[in-house]
Amino acid sequence: MFEGRLSKRLKDHIGNLLGTGLEDLFGQAERRQQVLLAATIGMAVGLPFSVFNMSTDGSFIVGMTELAAVCFLVFPAALLAQRSVGLAFAEGLVLLAGLVIFGTLIAFRGIQGTAQFWGFMFPFLAFFLKGQRRGWLYSCGFALIVATYFAIGPAALPFAYQYTRTYGAHYVVTLICFTVIAAGFNLLRSRFEEKLQARVAERTATAKVYLNQLQYQATHDPLTGLPNRVKLTETIASEIEKASATGQGLVICNLHLERLFELGNVLGIAGADALVLQIAEHLGRIAEGEGYLSRTRRDEFVILYRIDRPTVSPDELQRFIAEREFSIQVQGYAIHIEFTLGLSISPAHSNDPELLLKKAEQAMLQARKNEQRWSIYDEKQEEVFVRHHLLFGKMQEGLRLRQFQVHFQPQVDLATGVVIGAEALTRWADPIEGMISPVVFIPVAEESGLIQPLTNWLVRVCMSESARWKELGLDLDISINLSAISLVDPNLIDFLRNTAAEAGLAPEKINLEITESCFIKSPERSLEVMRRLREAGFRLSIDDFGTGFSSLSYLKNMPINELKIDQSFVRKLLESPGDQSIVISTIDLAHNFGLSVVAEGIEDEPTATWLREHHCDIGQGYTFARPIPAAEMVLFAQSRQAGRAAVESN
Ligand code: C2E
Ligand code: CA
Ligand code: CA
């Protein structure tokens with residue numbers, strides 16, 4: 001048995017040596033390299049030798065042959081290999097060069113000393129170029145030619161080199177031994193090469209796995225496995241290309257998950273993750289077969305839809321925004337999920353993937369800001385949006401550089417025409433943009449948190465101005481606008497009380513204007529603050545009355561002193577019977593509750609007269625005065641309060 005195994009191994013080794021069981025390891029590229037290497041060495045060795053031989057006595061023919069072989073065989077072989085055509089032919093040329101040079105040497109010069117070794121090089125070259133199997137063929141062929149020459153050449157050719165009788169036999173035997181050595185050497189080389197290739201293939205496969213993993217991580221959301229923003233951008237780009245070729249369009253639907261932060265607080269990290277996973281699954285079902293779902297942020301998903309036309313029809317739109325509210329069970333709670341949607345459309349809004357995504361996001365932010373459930377990107381809104389965000393930064397600078405001013409708009413007792421107070425209206429004089437309207441900067445201040453320093457500054461200015469009026473003997477109330485955010489500021493009441501006290505003012509002279517929207521957001525808290533403000537002695541006025549919706553129900557509970565009818569009812573009062581009925585009933589309502597009524601936006605005398613006749617108490621508007629700087633306000637009041645003194649003395 002042992003013998004059997006041994007003979008099998010021996011057979012294997014012999015088979016390998018002969019190359020019968022071996023596949024051709026080398027592909028085109030390697031063979032090309034091999035020919036190039038052999039040809040380069042051939043030229044580098046052959047050329048100096050040819051020069052040396054040509055200048056040595058008796059070796060001129062060998063030198064010439066070498067030169068010719070290098071020029072006409074080796075060099076063309078190198079050229080062919082470089083262009084990777086006729087590789088087998090190129091290999092043949094190199095081998096032929098070996099044969100020709102050695103042939104000349106053996107026939108004309110005689111091989112003695114180191115020259116013997118050139119013949120032994122041939123099998124190495126043959127195995128190297130032709131591989132294990134065919135290497136034998138070429139080497140044995142060579143040995144046969146050499147043996148034949150020794151047998152008949154020197155005797156037949158008169159000019160041939162004459163060897164001793166046994167030299168040829170010795171030489172051929174040695175050549176065969178070298179052929180076996182060359183075969184063994186080449187086998188080792190092939191084995192080494194084989195192992196190397198296997199190792200490289202293994203490493204490449206591992207690297208590929210890592211690369212795929214990395215690529216996946218870079219393009220997918222780790223939690224849900226959905227494509228992330230990077231992948232989505234790529235997909236949008238390729239979809240845009242396809243859609244534009246077929247005249248179709250795309251809809252980018254940005255879904256912002258509301259209250260995820262709060263939910264995360266309640267459910268914990270694991271709970272929030274489970275929730276997001278379920279939401280992703282649900283959205284996956286909505287998008288299935290129709291759209292491409294991705295998760296672009298913690299609380300944001302995007303669905304990409306392809307549509308038949310370049311724009312969206314109302315029906316389609318409805319389909320994209322449907323099913324955006326649903327409930328999900330997590331940890332035993334049924335959680336109500338709500339999204340705000342922003343949509344952008346290609347090609348209508350852009351053909352750039354990044355821009356489309358940005359526009360869908362802007363539309364979503366716009367929807368959130370307007371407390372809507374969805375919105376489509378709108379260029380005009382974007383301008384407002386961009387300006388709004390630019391103002392964010394500018395406003396802080398404006399406050400620091402004292403670019404804000406307060407103007408005062410007189411309020412007139414309609415019955416007597418006497419100025420009885422003024423509304424403080426803030427102005428922002430920007431050195432580049434000029435006057436920026438409070439309609440623009442108040443919302444920015446509210447969002448950026450700057451409303452508090454702005455209101456504090458305004459209150460201080462108003463108090464000191466009011467104190468000055470008092471000093472000058474002017475009997476004027478001052479109205480200050482409070483935004484919803486200021487109203488719920490916990491420091492507000494103390495701040496107002498302290499600044500009024502410091503200025504030596506009675507709180508009754510200070511009228512705080514609040515809009516209906518203030519207490520729609522947090523009614524309980526606002527009512528509480530208003531009650532405390534009233535207790536502290538301040539007067540309260542409902543601004544823009546009539547533009548809200550809950551007018552009657554809250555009026556009876558609210559600790560207020562005054563209603564300000566919104567200008568939209570006043571400005572075209574005389575032309576609109578509808579506005580007239582609203583104004584009349586508002587005046588009645590206010591008087592029934594014991595409140596005084598202010599009409600603002602009175603732009604002409606006939607309107608003032610109509611309001612006077614309908615018992616409106618106070619008027620404010622361009623017909624009396626526009627909002628004016630403090631100094632002008634003093635002059636205006638001085639000229640119009642002389643009348644008050646006269647009225648009171650009568
Ligand atoms: P509002 O409280 O309703 O102020 C009245 C606005 O109407 C003022 O605009 C005023 O200039 C304008 N107005 C007055 N009379 C007439 C008139 O006869 N015709 C017309 N067409 N308009 C008239 P302004 O100053 O641009 O203020 C806009 C809004 O900005 C104010 O509306 C107020 O809500 C807000 N605001 C202004 N200053 C402040 C402030 O210091 N703090 C807060 N929170 N809001 C302010
Ligand atoms: Ca006001
Ligand atoms: Ca108003």
Side-chain angles (χ1 to χ4, degrees), residues 395 398-399 403-412 414 419 421-429 434-463 465 477-489 492 496 510-518 521 526 539-548 560-574 579 583 586 597-608 610-611 616 618-630 632-633 636:
M395 210 174 153
L399 271 173
Q403 289 169 354
F404 286 82
Q405 307 163 6
V406 185
H407 282 194
F408 298 90
Q409 188 173 33
Q411 294 183 330
V412 175
L414 282 173
V419 179
E423 178 179 2
L425 294 160
T426 306
R427 299 286 175 260
W428 178 5
M435 278 293 178
I436 302 175
S437 162
V439 179
V440 174
F441 69 76
I442 294 291
V444 176
E446 285 182 331
E447 264 180 54
S448 61
L450 286 175
I451 191 70
Q452 196 199 13
L454 185 74
T455 306
N456 288 359
W457 165 83
L458 171 78
V459 167
R460 270 199 212 99
V461 173
C462 288
M463 298 292 185
E465 200 50 37
D477 295 347
I478 191 160
S479 290
I480 301 174
N481 291 289
L482 286 184
S483 81
I485 292 174
S486 301
L487 189 66
V488 292
D489 172 6
L492 175 80
L496 279 168
I510 295 149
N511 189 33
L512 303 169
E513 296 191 7
I514 299 158
T515 57
E516 287 166 282
S517 59
C518 288
K521 275 191 186 143
S526 307
R539 283 169 55 83
L540 294 177
S541 171
I542 300 297
D543 201 357
D544 303 342
F545 185 79
T547 54
I560 52 170
N561 309 79
E562 180 183 273
L563 289 188
K564 272 188 102 168
I565 305 175
D566 190 65
Q567 359 183 331
S568 59
F569 306 111
V570 179
R571 263 189 264 150
K572 298 204 178 74
L573 187 63
L574 298 187
D579 286 350
V583 171
T586 308
V597 189
V598 184
E600 62 177 336
I602 308 175
E603 292 187 345
D604 50 42
E605 192 42 44
T607 308
W610 188 97
L611 285 161
C616 180
I618 299 160
Q620 180 183 343
Y622 293 172
T623 188
F624 307 111
R626 292 188 172 243
I628 44 180
E632 275 181 52
M633 177 63 210
F636 185 84

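Quantities reported herein were computed from a predicted structural model and do not represent experimental measurements. The first residue of the sequence shown is numbered 1, and numbering continues consecutively from there. Ligands are counted one by one from 1 in listed order, and the atoms in each one are counted from 1 as well.
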Euclidean distance, [Y] [atom2] relative to [X] [atom1], rounded to 0.5 Å:
X      : Y      : atom1 : atom2 : value
Asp544 : Asp566 : CG    : CG    : 4.5 Å
Ile560 : Leu512 : CD1   : CG    : 12.5 Å
Leu454 : Leu399 : CG    : CG    : 5.5 Å
Ile510 : Ser479 : CD1   : OG    : 10.5 Å
Ile565 : Cys616 : CD1   : SG    : 5.0 Å

What closest approach, in Å, do [X] and [Y] show between heavy atoms, and which atom pair accounts for it?
X      : Y      : value
Phe624 : Gly619 : CE1-C, 3.8 Å
Phe404 : Thr426 : CD2-CG2, 3.9 Å
Thr547 : Phe569 : N-CE1, 4.5 Å
Ile602 : Ala608 : CG2-N, 3.8 Å
Ile480 : Cys462 : CD1-CB, 3.7 Å
Thr607 : Val570 : CG2-O, 3.8 Å

Practice problem: May I ask you to identify, for Glu600, whether its side chain, its backbone, both or neither come under 4.0 Å of ligand 1 on a heavy-atom basis? | Solution: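 Contact part for Glu600 vs ligand 1: side chain (C-beta onward).
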Quiz item: Hey, is Arg571 touching ligand 1 through its side chain, its backbone, both or neither, going by heavy atoms under 4.0 Å?
Solution: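 Within the 4.0 Å criterion, Arg571 contacts ligand 1 through side-chain atoms alone.
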For [atom], which protein heavy atom lies nearest, and how many Å away is it?
atom                    : result
atom 21 (N) of ligand 1 : Glu603 OE2, 2.9 Å
atom 14 (C) of ligand 1 : Gln409 OE1, 2.9 Å
atom 40 (C) of ligand 1 : Thr426 OG1, 3.4 Å
atom 16 (C) of ligand 1 : Tyr622 CE2, 3.2 Å
atom 27 (O) of ligand 1 : Pro438 CG, 3.4 Å
atom 2 (O) of ligand 1  : Asp543 OD2, 2.9 Å
atom 10 (C) of ligand 1 : Leu425 CD1, 3.7 Å
atom 13 (N) of ligand 1 : Gln567 NE2, 3.7 Å

Is the backbone of [Y] close enough, under 3.5 Å, to the side chain of [X] for a donor and an acceptor to pair up by distance?
X      : Y      : result
Ser486 : Leu482 : no
Ser541 : Asp543 : no
Gln409 : Ile628 : no

Practice problem: Measure the distances from the heavy atoms of Glu423 to every atom of ligand 1 and state whether one is below 4.0 angstrom. | Solution: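 True for this residue.
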Practice problem: Report yes or no: does a heavy atom of Arg427 sit under 4.0 Å from some atom of ligand 1? | Solution: yes
Practice problem: Select the closest option to atom 43 (C) of ligand 1 among Val440, Thr547, Asn481, Val406, judged by heavy-atom distance. | Solution: Asn481
Self-check item: Among Gln411, His407, Lys564, side-chain hydrogen bond (donor to acceptor under 3.5 Å, both in side chains) partner for Glu423
Solution: Lys564
Atoms of ligand 1, numbered as shown, that sit under 4.0 Å from any heavy atom of [X]:
X      : answer
Ile602 : 18 (O)
Ser483 : 44 (N)
Asp544 : 3 (O)
Val439 : 28 (C)
Gly621 : 15 (N), 18 (O)

Quiz item: With only distance considered, is Gln620 within less than 3.5 Å of ligand 1 through an N or O on each side?
Solution: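 No.
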Quiz prompt | Heavy atom of protein inside 4.0 Å of atom 19 (N) of ligand 1, strictly below | solution = yes
Quiz item: Using a distance threshold of 3.0 Å, what protein N/O/S atoms lie below it relative to the Ca ion (ligand 2)?
Solution: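 The answer is Glu423 OE2, Asn481 OD1, Glu513 OE1, Asp543 OD2.
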Quiz prompt | Pairs flagged by salt bridge (Lys or Arg N to Asp or Glu O under 4.0 Å) wherever residues 445-460 is involved - sequence neighbours left out | solution = none
